[in-house]
Amino acid sequence: MTPDPDIQLARIRKLALALPETAERLSHGSPGFHIAKGRFFAYFWHNHHSDGETVVIVKTADREEQAMLIEMDPDCYFSPPYLGPSGWVAMRLDREDTDWDRVGDRIAQSWEMVAPRRLLEAGGR
C-alpha cells in the first residue's frame, strides 16, 4: 500500500481531467471522475475498506475483457469489490513499475465507453 496516496491521486486526476468535459466528485467517500452531468468512468481508491490497495478503477467493455486483463497481468489488475461484477477492473498504482502510459490509456478507454456520441464525433480524446 502506498504510504502517501496523494502522488498517485494527483497523477490520476491529471489524466482523467485532461479528457473533454470531465469533472471530479466524491463517490462513497472516494474521488470519482465523470463526464460533466454524466456517468463515471474512473474511481480512485486508497485502502478502501482496509484492503491495503491503492488503485484506479476503470470500465471494461465486458466481463470477458475484465477476465482477460486479470489473467494477462494479475499483479496489476483485479476485480474490485462492488464494481467488479459489472465488469470494472482495478489497476494497482503502488507498484514501483507502474506503467503510467498504460494507466492513462485505460482511463481514456473507460472515458470513451461513457462519452456521449457528440464528444466522440467531435474527435474524442
T54: which of R95, H46, R92 passes side-chain hydrogen bond (donor to acceptor under 3.5 Å, both in side chains): H46
L17 side chain near F33 side chain, heavy-atom distance below 4.5 Å: yes
Main-chain N/O of V58 paired to S110 side chain as donor or acceptor, under 3.5 Å: no
Pair E112 + R106, salt bridge at N-O below 4.0 Å: no
F78 to V89 - nearest heavy-atom pair and separation: O-CG2, 3.5 Å
Any donor-acceptor N or O pair under 3.5 Å, side chains Q66, D62: no
Euclidean distance, I57 CD1 relative to T60 OG1, rounded to 0.5 Å: 12.0 Å
I7, CD1 atom: more than 12 neighbouring heavy atoms under 6.0 Å: no
Within-4.5 Å side-chain heavy-atom neighbours: P80 and V55: no
Steps toward side chain to side chain contact (heavy atoms under 4.5 Å, CB included) verdict (C76, R102): CA-CA 11 Å; C76 176; R102 177 167 57 167; 3.6 Å; yes
Closest non-hydrogen atom pair, P85 against R63: O-NH1, 3.2 Å
Lys/Arg-Asp/Glu bridge criterion (N-O < 4.0 Å) met for E65, K59: no
H48 and Y82 aromatic ring geometry - parallel, tilted or perpendicular at 30°/60° bounds: perpendicular
Side chains of S30 and F44 in contact at under 4.5 Å (non-hydrogen atoms): no
Spacing of CE belonging to M91 relative to OH belonging to Y77, to within rounding of 0.5 Å: 3.5 Å
Side-chain touch L15/V56, heavy atoms, less than 4.5 angstrom: no
Note, F40 side chain near L83 side chain (heavy atom, < 4.5 Å): no
Within-4.5 Å side-chain heavy-atom neighbours: L69 and M72: yes
Pairwise distance CH2(W111) to CZ(R39) - rounded to 0.5 angstrom: 13.0 Å
Steps toward side-chain hydrogen bond (donor to acceptor under 3.5 Å, both in side chains) verdict (R11, Q8): CA-CA 5 Å; R11 290 183 91 158; Q8 283 84 355; over 6 Å; no
Transitive ILVMFWY side-chain link V114 to L120, under 4.5 Å: yes
Residue pair T22 / A16: nearest heavy atoms and the distance that separates them: OG1-O, 3.1 Å
Minimum heavy-atom distance between N47 and G52, given as atom pair plus value: OD1-N, 2.8 Å
Side chain to side chain, P31 and R25, heavy atoms closer than 4.5 Å: no
Close side-chain approach of H49 and P81, heavy atoms under 4.5 Å: no
L9 CG to D6 CG distance, which is reported to the nearest 0.5 Å: 6.5 Å
Inter-residue atom distance L119.CG - L19.CG, 0.5 Å rounding: 10.0 Å
Interatomic distance, D75 atom CG to I70 atom CD1 [nearest 0.5 angstrom]: 12.5 Å
